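Some notes on the structure that comes next.
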Amino acid sequence: MPKINPFIVFILKRLGIMVLSFFVASTIMFLLPRIIPGNPLAVKVYQILQQSASNPEMIKSVEKMLMDYFKLDRPLYEQYFDFLINLLHGDLGKSITYFPRTVNEIVAMYLPWTLALLVPAIIASWIVGNYVGVIAAMNRGKAVDKVLLPLLAALQGTPAYVFGMYLVLLAVATKWFPASGAYSPTAIPSLSWSFIVDYLHHYILPFLSIFLTSLGGWGLSMRNIAIQELSMDYMDYARVIGISPRKTQSYLFRLSALPQIVGLAIVLGWSVAGSIITEIIFAYPGIGTALWSAIQAQDYMLIQGYFVILIGTILLANFISEIIFAVVDPRVRYAYAGE
Amino acid sequence: MGYVVETIDLRAYYMLRRGSVKAVDGVNLKIGEREIVGVVGESGCGKSTLSRVLALDFIPPLKLVGGKIIIDGEDVTSIPISEARKRIAGTKISLIPQSAMNAIIPVTRVKDYIADVVKEKTGLPREKIVDMARKRFEEIGLPPIALDMYPFELSGGMRQRVLIALATLLNPSLLIADEPTSALDVSTQKMVLTTLYNVFKMGLTKSIMFITHDIATVRQIATRIVVMYAGKIVEDGPTEDLIHNPFHPYSKALMFSILTPEPEVRKRVEQTGGIAGEPPSLINPPPGCRFHPRCPYAMDVCRREEPPMIEVEKGRFVACWLYAKK
Amino acid sequence: MSILTDLFRIPKFVAGLAIFLTIVALGLVGPLIYRVSPTDIVGPRYTPPSPSHPLGIDALGRDVLAQLLYGIRGSLLVGAVAAGIALGLSLFLGTIAAVFGGLVDKVIMVISEVFIIIPSLLLMMVLAAYLSPGARNIWLVGFVIGITSWGGWARGFRSRTMSILQSEFIKMAILSGASRVSIILRDIVPIISPYILASFAMLFTSAITAEVGLTIVGVGMTKDITLGLILYIAQLYANITQGIWWTVVPPTLVMILIYLSLYLVAISLDEYFSPKLGTA
């Protein structure tokens, strides 16, 4: 039997788990609104039907259109099969409240705002958190560490939205920053200088609330990893052979940042889901706020679409992070490539 | 004749809350040029601490309490430790650690690691350093391809020899090897020992200090042996003389364990640490001679006063009241 | 017991436990002492804190202190239910996977992996979104949080158990014919009990946070008062942007204190029982 490269086996295994998780998650999301007693999806569709078509003549045609689309009169397995086929084609269906706009269109409208907020905040907190963590680890037990450790733990334990609430209260009290939205109600999104300044002015508080709370997590995990690394023989020998503390710190940073890169990929994947409440608090026009209004309006197709996308992002990030880990860490790569 | 290293009444303690552990307590040691000095003793006698102290590696709780270290004629204890370390560690005095298996930063290639270490000390360009390393690898019989490998791709023996190459790259005055073979299998031990000896013979280091609890190993390479007990040097003399005719009662017990041919007896002796009784506490060491509670020849004076170091024969020193009387 | 007296010498542990027990006492005894109904309208909305209403009045004209005390009680109950379910599942599945190995282990690991990867918050939101609001009481929300947050801890218990299985005395027990269940119950559980306690503490506080998150989004608690419901009402009536701090700060502060106190307890347990670092 030919020997298969163990690295490929590893990737295939991870891929398998990812596909399985995605399948389980999307199945749950498909089934729940349809099998729960009273079939909330059907109720909702008929409700909309009645509201939207006051003209009795129209009812028939609209009903036909909705029925054709949602196929609520067909057996469940057929609906499920259609759902999977569409999913494979990247088609998440159409919104109920905004019918006939597609879920994809609506997501495309909100997602850029969310990414513009999250990606810079998380990457910035990653970089700063890692530095702070290494500094705390190198000064373990000293004054610097004794200040940093509880501070980081408090930051980590505070959910981003609680921080958001405090920042909004502060903004209201001081009037230094606008308390909600991504830009002034009067401004029109464009690439003009005045809009960008307005956007950044609104950006600071939600940015800070995400930045500060994730800073705590990065700092703490980096400190833990770095402390473990510091106890390794090679750090001891680096000191004995006379490598300067600065160079040692850079080694330590490199060694400990490896697992943190994996963490970064995972957190980025999770962040969209994790910042839903922060977006709501700041009334920031991203995926989170959109999901909230979809839940309020009970637009099951839209909810289902958001969930599929959120879970897809998380799974993909998990998968990518494991590949990154295997590629970046020569030890892991060696373990898979070698005999 | 100049000494590469000379210590005068050197004291280095671990400052713990319970008290200070007097791991190196009044050590006078001279290592001349072209010497391989074996430092032997039970574990916990302070020999590893001595190596750290000579490499000026003071990390809390280890602290230099008193005495002088003179390296190549310069009193390095008169200048701030960090300053001294910068000039001495890795250049004039190099140490090969106990655990070579894990001593190299695992995420760099060997050549990058060597370049990083040497560049900081010399400011030489990286290519020059890698060339030097390649030459040194060839000299000590390492395949130059190891330079392009990661540490975990190398065998234990190869890692140890990479460290020897690194430690001698700047031709130090003293190479300290702290139990360099204890983690290796027998055939690899031989190879590393040979490498160490070759490094000495080729003059890549002026002298070597070899620390071990294994006298059979040190015997193959050392020109002189120093016996440590409870933070002090108790005997010092040429290798074969000291092994065949030890003076100090502690040395006698220690040497007995390797000269006994029957493996049964040896095993029993090794298990009991060579000598009946426990090594003393280094927080509250016994007064007088520190060996007296375990010594079969202990006299009154041994319990009261510390024995001086005396030259019994030419080049043979011992700290024991049995010899001081004459 | 000497372990207990040892633990009580660790300032972190004592401080954490003291804060936590104070909060528990507030939730249990508070409503009995401060006898104001949390649902009655007691005055004009948004009356700031005053001697008669120490934490002021909320958007619906209710006393905030009474709300807070009942909210603490409700949140603690959610935490206990969720942490109990998650701990039970993770401990059971984690130790079983380690001790039985083979196919059992593989299946449990894949399931737990799926549960780790699928974000529990989302799963809870899906479940809650489709359940009628009237059904969403403390027990249901606690249950939903519980069954979605066991995955990571199951892996933790598995790896701890695996390392214990390597030890000599367990091997002897297996050789002498002890049943696997009895090994789990009699040998493994006592050894990992500090870890079990620590994991319960962390599950407890994350469940309380999860409830608040769910409820603010609008899919959580609807019937019983919890910290989440207080914040939900505050958010719904835009108290924050109006600067009405007294409905927002007290519940969030209690959340942070619960987290910090249990975090202190968990890390001091972990530091006390895990092998000490240090040089020989």
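Note that the structure is predicted; figures quoted are calculated from it, not measured. Below, read A as the first sequence line, B as the second, and so on, with proteins coming before strands; counting in each chain starts at 1.
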Test A/Val172 against C/Ile240 for side-chain contact (heavy atoms from CB on, under 4.5 Å), laying out the working first. CA-CA 8 Å; A/Val172 171; C/Ile240 307 170; 6.0 Å; no

With side-chain contact (heavy atoms from CB on, under 4.5 Å) as the test, would you mind laying out the steps for C/Leu231 and A/Met165 before giving the verdict? CA-CA 10 Å; C/Leu231 288 170; A/Met165 290 173 178; 4.0 Å; yes

Less than 4.5 Å to any heavy atom of chain C: does that hold for the side chain of A/Ile281, its backbone, both, or neither? both

So, for C/Leu253 and A/Tyr166, which heavy atoms are closest and what is the spacing to 0.1 Å? N-OH, 3.6 Å

Steps toward side-chain contact (heavy atoms from CB on, under 4.5 Å) verdict (C/Val249, A/Leu169): CA-CA 9 Å; C/Val249 175; A/Leu169 282 175; 3.8 Å; yes

What is the minimum heavy-atom distance between C/Thr209 and A/Pro159, and which atoms define it? CG2-CG, 3.5 Å

A/Tyr80 atom OH, over 12 foreign heavy atoms within 6.0 Å: yes

Closest contact, heavy atoms only, C/Tyr263 versus A/Ala153: CE2-CB, 3.5 Å

Of all heavy-atom pairs between A/Trp292 and C/Ile216, which one has the smallest distance, and what is that distance? NE1-O, 3.8 Å

